[in-house]
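First comes the structure, then the notes that go with it.
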Amino acid sequence: MISGLVDMLFGCWHSNYSFPITSKSGERRTQAARATGTYVVCLDCGKEFAYDWHQMKVVNSGAERETALADASPLVSKHAA
């Protein structure tokens, strides 16, 4: 919690991103790419973030990541039967 506050005050603002990178099938995926298959990198600090092509935005929280996965995969059902 305290480290998050210190990062917020003195850390990187993550305002400069790379172009979205999509992992090829069979390639080893980074932690950020595991969520949606696509990720961007902060050009200032090098941190990777999951990226959702359909919404064209960086996916930050777990709830957003699950929504992005459900939208991206036709096999994942949004409603439990």
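- In this structure, F19 is not a member of the same hydrophobic cluster as V41, with clusters built from ILVMFWY side-chain heavy atoms closer than 4.5 Å.
- Proximity of H14 to C45: side-chain heavy atoms (C-beta onward) are separated by under 4.5 Å at one or more points.
- Listed by chain and number, the hydrophobic cluster partners of W13 come to none, as no ILVMFWY side chain reaches under 4.5 Å of it.
- To the nearest 0.5 Å, the span separating CG on L43 from OG on S18 amounts to 5.5 Å.
- Following chains of ILVMFWY side-chain contacts shorter than 4.5 Å, one cannot reach W53 starting from Y39, and the two form parts of different hydrophobic clusters.
- The side-chain heavy atoms of C42 and N16, taken from C-beta on, include no pair separated by under 4.5 Å.
- Side-chain rings of Y17 and F49 approach one another, their centers coming within less than 6.0 Å.
- C12 and D44 get closest at one heavy-atom pair: SG-CB, 3.8 Å.
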Report task. Determine, stepwise, if the pair T38 / S23 fulfils side-chain contact (heavy atoms from CB on, under 4.5 Å). Result -> CA-CA 6 Å; T38 304; S23 321; over 6 Å; no
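- Side-chain atoms of T36 come within 3.5 Å of backbone N or O of Y51 as a donor-acceptor pair.
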